[in-house]
Structures are given as C-alpha cells and as structure tokens.
Amino acid sequence: MFLRTVNTDLKPTTNHMSAVDAYIARFPQDAIVLSTLRRTMLSEGLSETIKWGIPVFTSEGVNIAGIASFKSYIGIWFFNGAAIDDYMGVLVNAQEGKTVSQRQWRFQRGDVLPAKDLKKYIRMAVSVGASQTKRQPKAEIIIPAELMSMFAENKGSKTQFDKLPPSHQREYCNYISEAKKSETRVKRAEKVIGMLVNGVGLNDKYTRK
C-alpha cells in the first residue's frame with residue numbers, strides 16, 4: 001500500500017485531551033499512526049472523548065469513529081461504516097453476526113496513512129451519521145425493575161447512572177433485561193451497581209490492556 005502522511009499542526013482542545021494522550025502513550029509502537037489518525041479526525045471538525053476505553057470521535061453528539069491499537073494492527077472503527085461508499089474496498093466487519101453497521105479500516109505497523117482518502121471516508125461517515133440521526137428518533141431508555149431495586153438499596157448509584165451518556169445507560173439496561181431468568185437479571189443488576197460504584201464501563205473488558 002502506497003500511503004502518505006497527514007501534515008497538520010492542529011492540536012486537540014477538548015477537556016478529554018489528557019485521556020486520549022494517555023491512551024496513545026500506552027502504545028508507543030503505534031503512537032505515530034494513532035496520533036496521525038487523531039489529528040485527521042480533529043482536522044475534520046470532530047470532537048474527541050474516551051468511550052469503551054478507546055478514543056472516540058463525535059459530531060454533534062453522534063459517534064462517528066473510534067481508533068484503537070490491537071495486537072496485530074491499528075484500526076479505525078466507523079460506527080456507521082456499512083453505509084459508507086467503500087470505494088477503496090478497505091472496510092471489514094470485525095464482528096460478523098454481532099454488528100450490522102460497524103466497519104473497520106485496518107493499518108499495519110509501518111504503514112503511512114492515505115491523507116486524502118482517509119478524509120473522504122471521515123466526511124462520508126459524518127454525513128451518514130447526521131442523516132441517520134435525523135431519520136431515527138432516539139429510543140427510550142427503560143430501566144429494568146431489578147436495577148431500580150438496586151438503586152434504592154445503594155445510595156448514590158442512581159446519581160452515578162444518571163451521569164452516564166444515554167448510550168452507556170442503554171447498554172447497562174440491555175445487559176440486564178436480555179437475561180431470560182429473573183435470578184440472572186438480579187445478578188447482572190448487582191454487577192452493574194458494582195461497576196457504577198467503581199467507575200468501570202460495561203465494555204472495558206473488551207479493550208486491550
């Protein structure tokens with residue numbers, strides 16, 4: 001693959017800068033690629049934060065893409081990648097059978113990023129995210145009875161829950177309500193309370209330490 005570097009002096013200005021810096025610092029072997037991906041996202045007007053333990057870039061509150069270091073590659077995770085015009089044929093479904101819309105663009109160590117094409121993909125992802133947000137009203141978050149009961153027994157847990165973004169609240173609720181047995185839902189609710197108290201995210205275990 002013949003690639004080119006992204007030349008930009010744009011510096012991150014969000015209050016999540018230190019968290020993203022800390023993530024990149026954990027992977028010195030991938031720091032150049034991760035930093036270049038980050039600068040490119042920011043140059044397209046996206047905001048950065050940390051979600052699910054990785055840097056995620058958003059536009060008007062909509063998740064557009066995430067970047068992460070894996071054992072054998074560095075990847076961009078487009079949340080609505082299936083709707084992007086993948087004219088380069090580079091996007092893959094990393095979780096066949098588990099996700100319909102997400103797609104990854106993978107880079108090997110030593111690759112230099114294709115600046116123009118990368119920006120085109122990001123712009124398409126932003127456009128897709130904006131159009132889907134307009135068409136689809138946000139689903140109501142229904143808190144399972146088991147979790148509501150735990151809130152009453154554990155002071156401050158509901159406050160911690162309310163501080164989470166809606167997407168994280170929905171993940172916790174779905175995790176509990178998807179269990180078929182009542183005793184399983186109760187155990188999951190207890191686990192969620194422990195996570196809230198300790199500030200641990202539901203998907204933190206999926207990120208590489």
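Since this is a predicted model, take the numbers as computed values, not measurements. Counting begins at 1 with the first residue of the sequence.
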Aromatic ring centroids of F151 and F161 under 6.0 Å?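 Ring-ring flag for F151/F161: true, centres closer than 6.0 Å.
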
Please confirm whether Y121 and W105 have ring centers closer than 6.0 angstrom.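 Y121 vs W105: aromatic centres under 6.0 Å.
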
Search all heavy atoms of [X] against all heavy atoms of [Y] and return the closest pair with its distance.
X    : Y    : value
R185 : A179 : NH1-O, 3.1 Å
Y23  : S69  : OH-N, 2.9 Å
A68  : I54  : CB-CG2, 4.0 Å
N63  : N80  : O-ND2, 4.5 Å
L118 : L37  : CD2-CD2, 3.8 Å
L91  : G81  : CD1-O, 3.8 Å

Q29 side, atom CD; L34 side, atom CG - distance, nearest 0.5 Å: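 With rounding to 0.5 Å, CD (Q29) is 8.5 Å from CG (L34).
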
To the nearest 0.5 Å, how far apart are CD in Q169 and CG in N174? 11.5 Å

Tell me, yes or no, whether the heavy-atom count around L164 atom CG, taken from other residues, nucleotides or ligands under 6.0 Å, exceeds 12. yes

Indicate yes or no for a side-chain donor-acceptor contact from S157 to the backbone of N154 under 3.5 Å, with no hydrogens or angles considered.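 Present.
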
Would you say the side-chain atoms of Y172 pair up with the backbone N or O of S167, donor to acceptor, closer than 3.5 Å? no

Is it true that the NZ or CZ of R103 lies under 6.0 Å from the centre of F78's six-membered ring and within 45 degrees of the ring axis?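 No, a cation-pi geometry is absent between R103 and F78.
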
Looking only at side-chain N and O atoms, does Y87 offer a donor or acceptor that is under 3.5 Å from a partner on D117? yes

Any Lys/Arg nitrogen of D111 or R106 sitting under 4.0 Å from an Asp/Glu carboxylate oxygen of the other?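 Answer for the salt bridge query: no.
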
Hey, any chance Y73 and I32 share a hydrophobic cluster, counting ILVMFWY side chains that come within less than 4.5 Å of each other, even indirectly? no

